[in-house]
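What you see below is based on every heavy atom in this structure, not just the backbone, and it leaves out hydrogens, waters and symmetry mates. Read the numbers this way: they start at 1 and go in the same order the structure lists the ligands and their atoms.
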Amino acid sequence: MTLTLTGVTLTYPDGDGRLTALDRVALDVPAGTLTAVVGPSGSGKSSLLAVAATLVAPDAGAVVVAGTDTTGLGRAEKAALRRERIGIVFQQPNLLPSLTAVEQLQVMTHLSGGRAGVARARALDLLDAVGLAGQAGRRPHQLSGGQRQRINIARALMNDPALLLVDEPTSALDHERGAAVLDLLVSLTRQRSTATVLVTHDRAHLDRVDRTVTMLDGRLTAPVLT
Ligand code: ADP
Ligand code: MG
């Protein structure tokens with residue numbers, strides 16, 4: 001199992017009390033499968049991803065990523081785990097306006113000290129894998145919203161992650177482009193054997209994924225196999 005959450009509870013300060021964003025959440029995601037987490041706004045979906053990404057430590061429960069129990073890890077160890085094993089696609093692409101598509105990906109290995117030639121070859125391969133082979137030299141303003149989201153996804157794969165976490169990738173796209181992005185995520189999940197968790201409030205196109213779970217007020221319902 002690439003990702004295992006058990007008994008995960010997360011609270012935030014809220015006035016005099018605490019707000020429970022995640023309430024004893026359990027989730028297993030095997031390699032090569034895509035689990036969609038659906039639920040209304042404010043139900044805890046992004047909190048779930050933040051915890052799985054080791055960006056936020058839960059109040060209680062365990063987060064195991066690629067065989068590593070993250071509970072006792074320090075800051076630097078978590079950062080290393082993220083750098084080596086986790087790909088994160090945030091809701092906003094946050095592409096750098098002055099960089100070309102291929103450079104947006106290469107930046108990832110500059111940050112982790114990889115070799116430039118290898119990084120460029122890998123970046124071009126990944127742009128090809130997300131259907132942007134001809135767009136490597138374009139800057140964000142020369143690309144559509146769907147193309148920017150594909151770059152965002154390709155960038156998250158630069159470190160060949162075991163765990164791929166994706167937050168609302170289709171929220172800014174129309175119906176057809178949303179379907180294409182989901183198809184892409186399913187095929188990347190298979191090809192690269194990632195354990196993929198996709199968060200969305202949009203129930204369209206979920207027939208494509210392996211499993212859908214529903215988040216409601218911080219609680220995860222029993223999985224529905226599709
Ligand atoms: P979703 O992604 O499903 O919209 P979130 O995980 O963002 O839900 O939020 C779950 C709950 O936690 C909401 O009530 C939200 O207001 C609250 N929340 C999220 N992040 C914070 C934070 N950093 N501080 C305080 N409350 C937060
Ligand atoms: Mg959210």
task: Would you mind checking which non-hydrogen protein atom is closest to atom 3 (O) of ligand 1, with the distance to 0.1 Å?
output: K45 NZ, 2.8 Å
message: Among all protein heavy atoms in this structure, tell me which lies nearest to atom 7 (O) of ligand 1, with the distance rounded to 0.1 Å.
response: S46 CB, 3.8 Å
Protein contact for atom 23 (N) of ligand 1 (heavy atom, distance under 4.0 Å): yes
statement: protein heavy-atom neighbour closest to atom 18 (N) of ligand 1 works out as Y12 CE1, 3.3 Å
query: Is S47 close enough that one of its N/O/S atoms sits under 2.8 Å from the Mg ion (ligand 2)?
result: no
message: Rounded to the nearest 0.5 Å, what separates atom CG in L216 from atom NZ in K45?
response: 10.0 Å
- prompt: Any idea which protein heavy atom is nearest atom 8 (O) of ligand 1, and the distance to it?
  reply: G44 N, 3.1 Å
query: Considering only the protein, which heavy-atom contact is closest to atom 16 (O) of ligand 1, and what is its distance?
result: L19 CD1, 4.9 Å
message: Please report the interatomic distance CG(L22) to CG(L220), rounded to the nearest 0.5 Å.
response: 9.0 Å
query: In the protein, which heavy atom is nearest to atom 6 (O) of ligand 1, and how far is it?
result: S47 OG, 2.6 Å
- request: Kindly identify the option in P40, A21, G42 whose heavy atom sits closest to atom 13 (C) of ligand 1.
  value: G42
task: Inspect the contact between D160 and R192 and indicate whether a charged nitrogen and a carboxylate oxygen are less than 4.0 angstrom apart.
output: no
